[in-house]
Amino acid sequence: MNLLSRYMKLLRHYGPQGWWPTPYYRPGVYSRRFSERERFEICVGAILTQNTAWKNVEKAIKCLKAAKLLNARAIAVSPLAKLQSCIRSSGYYKQKAKKLKIFSKWLIEKYGGNFARFCRRSTLVCRQKLLSLWGIGPETADSMLLFAGHKPIFVIDAYTRRFLAEYGVRLGTYDEYQKYFMDKLPKSVSMYKEYHALIVAWGKDHKTRDVSEEASHKGTHGLVRAK
DNA sequence: TACCAGGTCCTCG
DNA sequence: CGAGGACATGGT
C-alpha cells in the first residue's frame with residue numbers, strides 16, 4: 001500500500017477535515033484565498049500549538065482576538081505581561097509570548113507586517129528565513145508555509161511519525177520524514193493540507209504510543225497498540 | 001495521580 | 001550530531 005492509497009483510505013474513513021482549523025475555514029474547501037488577518041492568525045496558532053493541545057490554543061486565540069492583539073503590530077508593541085496573560089492557557093506562555101514578539105517584529109520590519117508579501121519568494125528561501133527566527137522550528141515553519149502561505153511543503157509532526165511507524169517505516173530527522181512523503185506524493189497543496197489533517201485525526205483516534213517513541217523516551221513505557 | 005498534548009532551544013559529551 | 005532537560009497549562 002503506497003502513501004497515496006493510505007491517504008484515500010483515511011479520507012474515506014474520516015472524511016474531509018478542513019484545516020487549518022480557524023473559524024473561517026470550510027472543511028474540504030481549499031481554494032479560497034485567506035485574508036492577511038487569517039494568515040496571521042494561522043501563524044500565531046502554529047506557534048501556540050507547539051507541543052500543546054489545540055483546545056488550549058483556541059482559548060488563547062480568542063483572548064488575543066478580544067484584546068485586539070491578533071495582528072503583528074499589536075503584538076509587537078503590546079506589554080509583555082499582557083501578551084503573556086492572554087496566551088497563558090496554551091502553555092509555555094513566557095516562551096511563546098517571546099516567540100510571538102520576535103515573529104511579529106520580524107514580519108513588520110522586513111515585510112511590512114504582511115505574510116503574503118513574505119511568501120513571494122521560493123518555498124525553500126521562505127523556509128530558511130523562518131527557521132532562522134528563534135522559536136520557529138521545522139514543523140512550525142512548514143505549518144505556516146503550507147496552511148497560511150499555500151506553499152507545497154509537507155508538515156511532519158509526532159502523529160506523522162507514529163503513522164509511518166504503524167507501517168513499519170522509521171526514519172531519523174525531520175527532513176528525512178518530509179522527503180519520504182514529498183518524494184512519493186504529487187505536489188498538491190490541498191492534498192498536503194488534507195493529508196496532514198487526516199493524520200492528526202488518525203492520531204487522535206489511536207491514543208497509544210508506538211515503539212519509535214519508546215526509543216526516544218527512555219523513562220517511559222511504550223504501550224502495545226491494540227488493533 | 002501521572003501522563004499527554006499538532007515542538008523548540010540549550011547544554012553537554 | 002544526539003541525547004537529555006526545561007519550558008507550562010488543561011484534560012483525562
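Numbers restart at 1 for each chain; the letters A, B, ... are given by sequence-line order, proteins then strands.
A salt bridge is absent between Lys179(A) and Glu176(A): the closest approach of a Lys/Arg side-chain nitrogen to an acidic carboxylate oxygen does not fall below 4.0 angstrom.
Counting non-hydrogen atoms under 4.0 angstrom, Ile87(A) reaches nothing in the nucleic acid. In this structure, Ile47(A) reaches neither bases nor backbone, as no heavy-atom distance under 4.0 Å exists between it and the strands shown. Here Tyr92(A) lies in heavy-atom contact (under 4.0 Å) with a base. Using a 4.0 Å heavy-atom distance criterion, Lys59(A) is classed as a sugar-phosphate-only contact. If you check every strand for non-hydrogen atoms under 4.0 Å, Gly91(A) touches a base. Within the nucleic acid shown, Lys96(A) has no heavy atom closer than 4.0 Å to any nucleic acid atom.
Under 4.0 angstrom from either OP1 or OP2 of dG7(B) there lies at least one side-chain N or O belonging to Asn51(A). For the OP1/OP2 pair of dG7(B) and a distance below 4.0 Å, the side-chain nitrogens and oxygens of Arg161(A) include no atom meeting the criterion. Taking only side-chain nitrogens and oxygens, Thr140(A) comes nearer than 4.0 Å to OP1 or OP2 of dT8(B). Taking side-chain N and O atoms only, Trp134(A) has a distance below 4.0 Å to OP1 or OP2 of dC10(B).
Spacing between atom NE2 of His206(A) and atom P of dA5(B) amounts to 14 Å, rounded to whole angstrom units. Distance Asn56(A) CG to dC7(C) P: 19 Å, rounded to the nearest Å. In this structure, CD of Glu58(A) is placed 18 Å from P of dA5(B), rounded to the nearest angstrom. As rounded to whole Å, 18 Å separates atom P of dT9(C) from atom CD1 of Ile61(A). Rounding to whole angstrom units, CG of residue Leu146(A) and C1' of dG6(B) are separated by 13 Å. The distance between atom CG of Asp205(A) and atom P of dC4(B), rounded to the nearest whole Å, is 18 Å. Rounded to whole Å, atom C1' of dG6(B) lies 16 Å from atom OH of Tyr195(A). As rounded to whole Å, 17 Å separates atom P of dG2(C) from atom OH of Tyr174(A).
Aromatic pair Phe118(A)/Phe115(A): ring centres closer than 6.0 Å. Ring pair Tyr195(A)/Phe154(A): centre-to-centre distance below 6.0 Å.
Each of Gly135(A) and Tyr159(A) was matched to the nucleotide of DNA chain B holding its nearest heavy atom; the match closer to the 5' end belongs to Tyr159(A). Mapping Thr52(A) and Lys55(A) onto DNA chain C via the closest heavy atom, the residue that lands nearer the 5' end is Thr52(A).
Spacing of C1' atoms, dC3(B) relative to dA8(C), comes out at 14 Å, to the nearest Å. Taking the C1' atom of each, dG6(B) and dA3(C) are spaced 23 Å apart, rounded to whole Å.
When all heavy atoms of Ile156(A) and Glu139(A) are compared, the pair lying nearest together is O-CG, 3.3 Å.
Among the nucleotides dT9(C), dG6(B), dG7(B), the one closest to the side chain of Gln50(A) is dG7(B). Proximity note for Trp20(A) (side chain, C-beta onward) versus dG6(B), dG10(C), dT8(B): the nearest is dG6(B).
Side chain to side chain, Thr52(A) and Lys96(A) meet the donor-acceptor criterion of an N or O pair below 3.5 Å.
In this structure, cysteines Cys86(A) and Cys63(A) have SG atoms closer than 2.5 angstrom.
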